[in-house]
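Structure first, commentary second.
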Amino acid sequence: MKIIHTADLHLGQVLYQNYDRSDEHDHFFQQLKEWCKAEKPDALLVSGDVFDILIPSINTKKRFNEFFVGLQKELPEMHVVITAGNHDSASRIQADHDVWSFSNTHLIGVAPSLTVEDGWQENYIIELPAGFIIAMPFMQGDRAQQLQSLLDIIAERNTEGKPVVMMGHLAVTGLDPTGHNFEVGKIETQNADRLGKGYDYLALGHIHKPQTISHPEDCMAMDVTYPAPVIRYSGSALHVSCDEQYPHTVSLVEIDKHGGNVHIRQLRIDELRHFYTLPAMTDPAFTSEEEVLDGLKDFCQAGNRGYVRLRIEYAADISSNFNQQVYDILATYGDEVRFNPKIIWVGQPAASTMASAKTVFEVSELQDMDDPLDFIEKTKEQYPGLDFSILKEMFKEVEAEIRRFKEEGKAEKTGEKSSTAEVITETKKSDKE
Ligand SMILES: [Mn+2]
């Protein structure tokens, strides 16, 4: 059985509220299509986080449709299995399941409920001539029993000893989180022994660094064979942050038989834009605004293109229109040098500036503040370089996300979509309680 395993496409991602990445995704899609045509796998697996947000734009949805429809037209025999990740709307992905079932494309969004009915397993088992696939989307909490029951059903059917592949979107114990915002120990991971027994290859998504669990030394090995079972993250399609200092790949996996050998080759993804930190982490940080702006100009003039994050000494005197100055410089280079406004401040603030900058509040004053932005506004001198308008936009986005999550939850409970208007009223009511 031969599969191509990828995950975390994050289609529709807009970085730093500013930069649409659809051309980068198209560039990835072109490569993915070529690999599928060349390798002719039995299945292409996308293990969650297909989209970056719950309700992707029409343009994003259109590109998704065009790509996967095109792929099926060219390779009608190949099965494509797409599961929902935590970034996706489970019910929206699931809603498209029936339409795509006219092709060999399987969209699985909703995880099995905890009160399951007889025969629920059939929604997650895909039987191919070459082997079995369990298409498990993102799910909350421990589902050891459910996973094992799926694997048990396959064990019974698998009289010919065909390979068994299970998909998942989760954080497994022992993973390397480099490039993510969390530290090990601070995220909830699931132990591999809670994911059931009986699969040969567990095709995971959620973590952006390609890696095979319990083989950290082989993380960058381009061609390697292990005895089954193997647990692997294919890694994301594109870099999602400046901290991802590793190549991105898709995994081409061949399994000879159930309980046999798993042969993994990594296919290196060529990315349209790269991520830079300026100055590089090994060099001293910028010490003044002038130095930053000059450094940035040099960077652009040297022909570099991509996303740029800056490192500046905390003590540097940065004017309030700093970001605008940066954008003005970058405007000269079209859209091709892209600014990450999250600056890395190097060094500690001097004790004296800390004391003078600290704003003192009465308790009653704090109690009156019901908007976190009020608090930040009143203390913003403490955050040099802070762009208040960007922050405001980010808060708005978080608020919208929370609202969508509530809407999703409600839709899933009642089995129908509720209007946004209803949800807003509900949120307001609960605020008062
Ligand atoms: Mn994820």
Side-chain angles (χ1 to χ4, degrees), residues 4-15 21 24-25 28 32 44-56 60-61 64 81-94 96 107-112 124 134-143 147 166-192 194-195 202-213 219 231-244 246 248-251 269 271 275 397-398 400-402 404-405 408-409 412:
I4 288 184
H5 168 205
T6 184
D8 297 88
L9 310 186
H10 292 274
L11 300 177
Q13 189 183 36
V14 176
L15 261 185
R21 305 191 78 185
E24 296 173 70
H25 283 116
F28 165 73
L32 187 60
L44 164 67
L45 310 183
V46 184
S47 299
D49 285 355
V50 189
F51 298 110
D52 191 56
I53 52 170
L54 295 177
I55 306 174
T60 303
K61 204 63 198 298
F64 170 91
V81 189
I82 299 168
T83 54
N86 55 312
H87 276 251
D88 300 303
S89 158
S91 45
R92 275 168 196 272
I93 299 274
Q94 192 68 44
D96 285 340
L107 261 67
I108 313 290
V110 177
Y124 301 93
I134 297 176
M136 191 51 69
F138 172 73
M139 52 186 184
Q140 298 277 3
D142 183 290
R143 302 291 187 97
L147 293 176
M166 186 160 90
M167 297 166 76
H169 192 90
L170 52 93
V172 72
T173 310
L175 66 86
D176 172 1
T178 312
H180 287 268
N181 271 334
F182 49 72
E183 288 165 41
V184 187
K186 283 190 183 156
I187 51 157
E188 223 175 289
T189 59
Q190 297 193 43
N191 248 310
R194 304 297 296 162
L195 303 173
L202 181 54
L204 294 180
H206 194 40
I207 301 301
H208 295 165
K209 182 178 179 175
Q211 54 187 291
T212 301
I213 298 301
C219 170
I231 303 176
R232 182 169 169 81
Y233 288 101
S234 64
S236 59
L238 303 179
H239 275 63
V240 181
S241 90
C242 302
D243 296 319
E244 296 179 22
Y246 38 79
H248 287 249
T249 61
V250 305
S251 301
I269 300 163
E271 292 189 63
F275 283 76
E397 206 174 82
V398 170
E401 286 282 310
I402 291 171
R404 278 185 217 150
F405 263 118
E408 284 289 325
E412 267 174 36

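Atoms considered below: every heavy atom in the structure, side chains included; atoms not considered: hydrogens, waters and symmetry mates. Note that this is a predicted model, so its numbers are computed, not measured. In listed order, ligands and their atoms are each counted from 1.
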Are Ser47 and His206 side-chain neighbours, meaning at least one heavy-atom pair lies under 4.5 Å? no
Report the protein N/O/S neighbours of the Mn ion (ligand 1) that fall below 2.8 Å; do not count waters. Asp49 OD2, Asn86 OD1, His169 NE2, His206 ND1
Side chain to side chain donor-acceptor pair (under 3.5 Å) partners for Glu271, two or more places apart: His239
Please walk me through it: do Thr83 and Val46 pass side chain to side chain contact (heavy atoms under 4.5 Å, CB included)? CA-CA 6 Å; Thr83 54; Val46 184; over 6 Å; no
Quick one: list whatever passes side-chain contact (heavy atoms from CB on, under 4.5 Å) with Leu54, sequence neighbours left out. Ser89, Arg404, Phe405, Glu408
Determine whether Leu238 and Arg21 satisfy the following criterion, side chain to side chain contact (heavy atoms under 4.5 Å, CB included), listing intermediate values before the conclusion. CA-CA 10 Å; Leu238 303 179; Arg21 305 191 78 185; 3.9 Å; yes
What residues form a side-chain contact (heavy atoms from CB on, under 4.5 Å) with His208, not counting sequence neighbours? Asp8, His10, His180, Ser236, Val240, Glu244, Tyr246
